Amino acid sequence: MALEMSGRMTADERNAIERFPRIAEEFCHLIDACDKRNRKQLVQDLAVHLAKLCEVAVRLPWVEPATEGIDNTPEAVAAHTGEWVKLSDNLRQIFGPLDKYWEVFDPTEKEEPVSCSLAIDIAEIYLDLKDALKLPESGVALNDIHWEWRFDFHGHWSRHASSALKVLLHISDLA
C-alpha cells in the first residue's frame, strides 16, 4: 500500500505505519489457527506476538482524522458480538484453568482486584485488529485509517494487551 505520509512524521512513526498491518495480520493468523497448537506453544507465541504488536502500535503517529467518526450499524455490532462470543469460548477452552486472572484496573489507586479472562482479552484484541485490517479496503481516507489504528490501541486494546502479556509471561511455564 503506497502511503502519502507527512514529512512531519518521524522515521519510527513511518516505520510503525508500514509494519502495523503486517504484524496485526500475523497476530490474527495465529488466533485463526489457535486450535492447531498445544496450549504451551500458543501461550508462548501469543506473548511474542503481543509484545511485537505493542512495540509497533505505541509508535503509531497522532494524526488528525479526515472525517467525523464512522458509526457502526446495529447489524455490524450484532455480528461482531457473535464472533466475539464464539472466539472467546474457543479460547477459554484452550486456556482451561489458566484463563482466569485477577487485575486492578487503576494501579494508582488502592482498589479490590477483579476477575478477568485471558480469552476475553485476546478476543477483544483480535476483533479490533480484524476491523483495523479491513479499513484500507473500505475506501476510508488514510488519515482516518491511521487515526483509527492509534485510537483503538490507546483507547481500548492496549489495556487488554498489557494485561494479557503480563499473564501469558506468568503462565508460560504452567501451560
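Everything numeric here is computed off the predicted structure, so don't read it as measured data.
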### Heavy-atom donor-acceptor pair, Ser158 side chain to Phe153 backbone, under 3.5 Å
yes
### Query
In Å and rounded to the nearest 0.5 Å, what is the CD to CD1 distance from Gln44 to Ile171?
10.5 Å
### Query
Would you say Glu124 and Trp84 make side-chain contact, with heavy atoms under 4.5 Å?
yes
### Message
Are more than 12 heavy atoms, taken from residues, nucleotides or ligands other than Lys40, located less than 6.0 Å from that residue's NZ atom?
### Response
yes
### Message
Please check: side-chain N/O of Lys100 versus main-chain N/O of Cys116, any donor-acceptor pairing under 3.5 Å?
### Response
no
### Message
Does His170, at its NE2 atom, have more than 12 non-hydrogen atoms belonging to other residues, nucleotides or ligands within less than 6.0 Å?
### Response
no
### Query
Between Asn143 and Ala66, is there a donor-acceptor pair closer than 3.5 Å when you use the side chain of the first and the backbone of the second?
no
### Task
First locate atom OH of Tyr101, then atom NZ of Lys166, and finally report the distance between them rounded to the nearest 0.5 Å.
7.5 Å
### Task
Would you kindly say whether Ser163 and Glu103 are connected by a side-chain donor-acceptor distance under 3.5 Å?
yes
### Message
As an exercise, state the distance from CG of Leu118 to CG of Leu165, rounded to the nearest 0.5 Å.
### Response
10.5 Å
### Query
For Ala119 and Ser88, which heavy atoms make the closest approach, and how far apart are they?
CB-O, 3.4 Å
### Summary
Output for pair (Lys36 NZ, Gln41 CD), nearest 0.5 Å, gives 15.0 Å
Pairs under 3.5 angstrom only: tabulate donor-acceptor contacts from the side chains of residues 127-138 to other protein residues two or more places apart or in another chain.
from	atom 1	to	atom 2	distance (Å)
Asp128	OD2	His156	ND1	2.6
Asp131	OD2	His80	NE2	3.1
Ser138	OG	Leu135	O	2.6

### Message
Which heavy atom of Cys34 sits nearest to which heavy atom of Leu91, and what is that distance?
### Response
SG-CD2, 3.9 Å
### Task
Answer yes if Leu169 and Trp102 sit in the same cluster of Ile, Leu, Val, Met, Phe, Trp and Tyr residues linked by side chain heavy atoms under 4.5 Å apart, and no otherwise.
no
### Task
For Thr108 and Asp106, test the side chains for any donor-to-acceptor distance below 3.5 angstrom and give the result as yes or no.
yes
### Task
Would you indicate whether the side-chain heavy atoms of Phe95 and Leu46 approach each other to under 4.5 Å?
yes
### Message
A side-chain contact here means heavy atoms from C-beta on lying under 4.5 Å apart; do Glu25 and Arg22 qualify?
### Response
no
#### Entry: Pro21 and Trp149, any side-chain heavy atoms less than 4.5 Å apart
yes
## Note on the structure
In terms of heavy-atom contacts, Asp32 and Asp35 come closest through O-OD1, 4.4 Å
### Message
Starting from Phe151, can I reach Val58 by hopping between I/L/V/M/F/W/Y residues whose side chains sit under 4.5 Å apart?
### Response
yes
### Side-chain heavy-atom pair Arg37, Leu30 within 4.5 angstrom cut-off
yes
### Query
Do the non-hydrogen side-chain atoms of Val104 and Glu112 ever get within less than 4.5 Å of each other?
no
### Query
So, do Trp157 and His160 have ring centers that fall under 6.0 Å from each other?
no
### Query
Do other residues, nucleotides or ligands put more than 12 heavy atoms under 6.0 Å from Asn38 CG?
yes
### Query
Going by atom types alone, do Asp89 and Gln93 pair a side-chain donor with an acceptor below 3.5 Å?
no
### Query
Quick check: does any side chain N or O of Arg59 sit under 3.5 Å from a backbone N or O of Glu55, one acting as donor and the other as acceptor?
yes
### Euclidean distance, Glu64 CD relative to Asp144 CG, rounded to 0.5 Å
10.5 Å
### Task
Would you check if there is a donor-acceptor pair between the side chains of Asp121 and Tyr126 at a distance under 3.5 Å?
no
### Query
Does Gly155 offer a backbone N or O that forms a donor-acceptor pair with the side chain of Arg150 under 3.5 Å?
no
#### Entry: Pairwise distance CD1(Ile122) to OG(Ser117) - rounded to 0.5 angstrom
9.5 Å
### Query
Would you say His49 and Leu53 make side-chain contact, with heavy atoms under 4.5 Å?
no
### Heavy-atom side-chain proximity of Ile125 to Leu50 below 4.5 angstrom
yes
### Query
Testing Leu60, Leu142, Ile145, Val63 for side chain to side chain contact (heavy atoms under 4.5 Å, CB included) with Ile17, which one passes?
Leu60
